[in-house]
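Here's the structure we're looking at; comments come further down.
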Amino acid sequence: MLKELETQLLALTPTEKSDAIRLLTQSLNNSWPGITKTPDVCGGDACIAKTRIPVWLLESWRRQGSSDAELLQFYPHLSAANLVNVWTYADAHLEEIEESIRKNEED
């Protein structure tokens, strides 16, 4: 698997490599700009900083076909940068987000 990943990384453009390095660094440091996890807020789920809007909720809306423009209309206090942070976090924590979506669909 590592050899396959190495081949894929070498095929990336310089910009894509930079993005991959940023994502890996964030993952190693558990540091996600604009995303917070607070035990007493939204059950400890990852949320947009200074809000109670969980990442899983926006990812769920996106999977149902909502565009970024629609989400920004529905949540006018959010910015496009907030959504970029959400999508980056969601992509990097797919299992966590899918589990949260499943859990909340059951409730």
Side-chain angles (χ1 to χ4, degrees):
M1 179 158 148
L2 190 55
K3 190 66 174 166
E4 180 181 324
L5 181 58
E6 180 181 352
T7 301
Q8 292 172 347
L9 287 170
L10 291 173
L12 296 175
T13 66
T15 300
E16 291 169 330
K17 287 176 183 175
S18 175
D19 289 343
I21 289 168
R22 179 185 48 77
L23 181 62
L24 289 169
T25 302
Q26 287 174 327
S27 178
L28 286 170
N29 293 332
N30 201 22
S31 169
W32 298 94
I35 304 296
T36 58
K37 289 176 94 172
T38 306
D40 295 334
V41 177
C42 295
D45 288 336
C47 293
I48 296 175
K50 299 180 184 172
T51 76
R52 291 181 174 263
I53 302 172
V55 171
W56 68 262
L57 178 62
L58 295 173
E59 177 62 18
S60 178
W61 282 111
R62 182 169 73 160
R63 291 179 183 186
Q64 294 174 45
S66 295
S67 69
D68 285 8
E70 290 170 324
L71 292 171
L72 292 173
Q73 274 187 319
F74 193 67
Y75 296 99
H77 56 287
L78 296 183
S79 68
N82 291 133
L83 294 181
V84 169
N85 292 335
V86 165
W87 308 146
T88 302
Y89 184 90
D91 290 345
H93 296 88
L94 191 56
E95 288 182 31
E96 171 191 332
I97 299 305
E98 287 179 355
E99 177 62 26
S100 293
I101 290 172
R102 270 193 304 275
K103 184 172 39 169
N104 284 281
E105 286 175 348
E106 293 171 359
D107 293 341

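The chain is numbered in sequence order, starting from 1.
- By the side chain to side chain donor-acceptor pair (under 3.5 Å) test, E99 is found to be paired with R102, residues two or more places apart in sequence or in another chain being considered.
- The distance from atom CD of Q73 to atom CG of L78, rounded to the nearest 0.5 Å, is 12.5 Å.
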Enumerate donor-acceptor pairs with a distance under 3.5 Å from any side-chain N or O in residues 44-58 to protein atoms, sequence neighbours excluded.
{"unit_1": "D45", "atom_1": "OD2", "unit_2": "W56", "atom_2": "NE1", "d": "3.1"}
{"unit_1": "T51", "atom_1": "OG1", "unit_2": "I48", "atom_2": "O", "d": "2.7"}
{"unit_1": "T51", "atom_1": "OG1", "unit_2": "I53", "atom_2": "N", "d": "3.0"}

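- Residues that satisfy the salt bridge (charged side-chain N to carboxylate O under 4.0 Å, His left out) test with E16, not counting sequence neighbours, are absent from this structure.
- Under the side-chain contact (heavy atoms from CB on, under 4.5 Å) criterion, E106 pairs with no residue, sequence neighbours left out.
- In this view, E6 and K3 satisfy the salt bridge (charged side-chain N to carboxylate O under 4.0 Å, His left out) rule, not counting sequence neighbours.
- Residues passing the salt bridge (charged side-chain N to carboxylate O under 4.0 Å, His left out) test with E98 are R63, sequence neighbours excluded.
- Taken from OG in S60 to CD1 in I101, the straight-line distance is 5.0 Å, to the nearest 0.5 Å.
- Checked against side chain to side chain donor-acceptor pair (under 3.5 Å), S100 has no partners two or more places apart in sequence or in another chain.
- Within the 4.5 Å cutoff, no side-chain heavy atoms of E59 are placed close to those of H93.
- Here the side chains of Y75 and H77 are in contact, with some heavy-atom distance below 4.5 Å.
- Among residues two or more places apart in sequence or in another chain, the side chain to side chain donor-acceptor pair (under 3.5 Å) test is passed with W87 by D68.
- A salt bridge (Lys or Arg N to Asp or Glu O under 4.0 Å) check over residues 78-95, counting only residues at least two apart or in different chains, returns the pairs R62-D91.
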Let me check something: any side-chain donor-acceptor pairs from residues 79-86 under 3.5 Å, sequence neighbours excluded? List them with distances.
{"unit_1": "S79", "atom_1": "OG", "unit_2": "A81", "atom_2": "N", "d": "3.3"}
{"unit_1": "S79", "atom_1": "OG", "unit_2": "N82", "atom_2": "N", "d": "3.2"}
{"unit_1": "S79", "atom_1": "OG", "unit_2": "N82", "atom_2": "OD1", "d": "3.1"}
{"unit_1": "N82", "atom_1": "OD1", "unit_2": "S79", "atom_2": "N", "d": "2.7"}
{"unit_1": "N85", "atom_1": "ND2", "unit_2": "P33", "atom_2": "O", "d": "3.2"}
{"unit_1": "N85", "atom_1": "ND2", "unit_2": "A81", "atom_2": "O", "d": "3.4"}

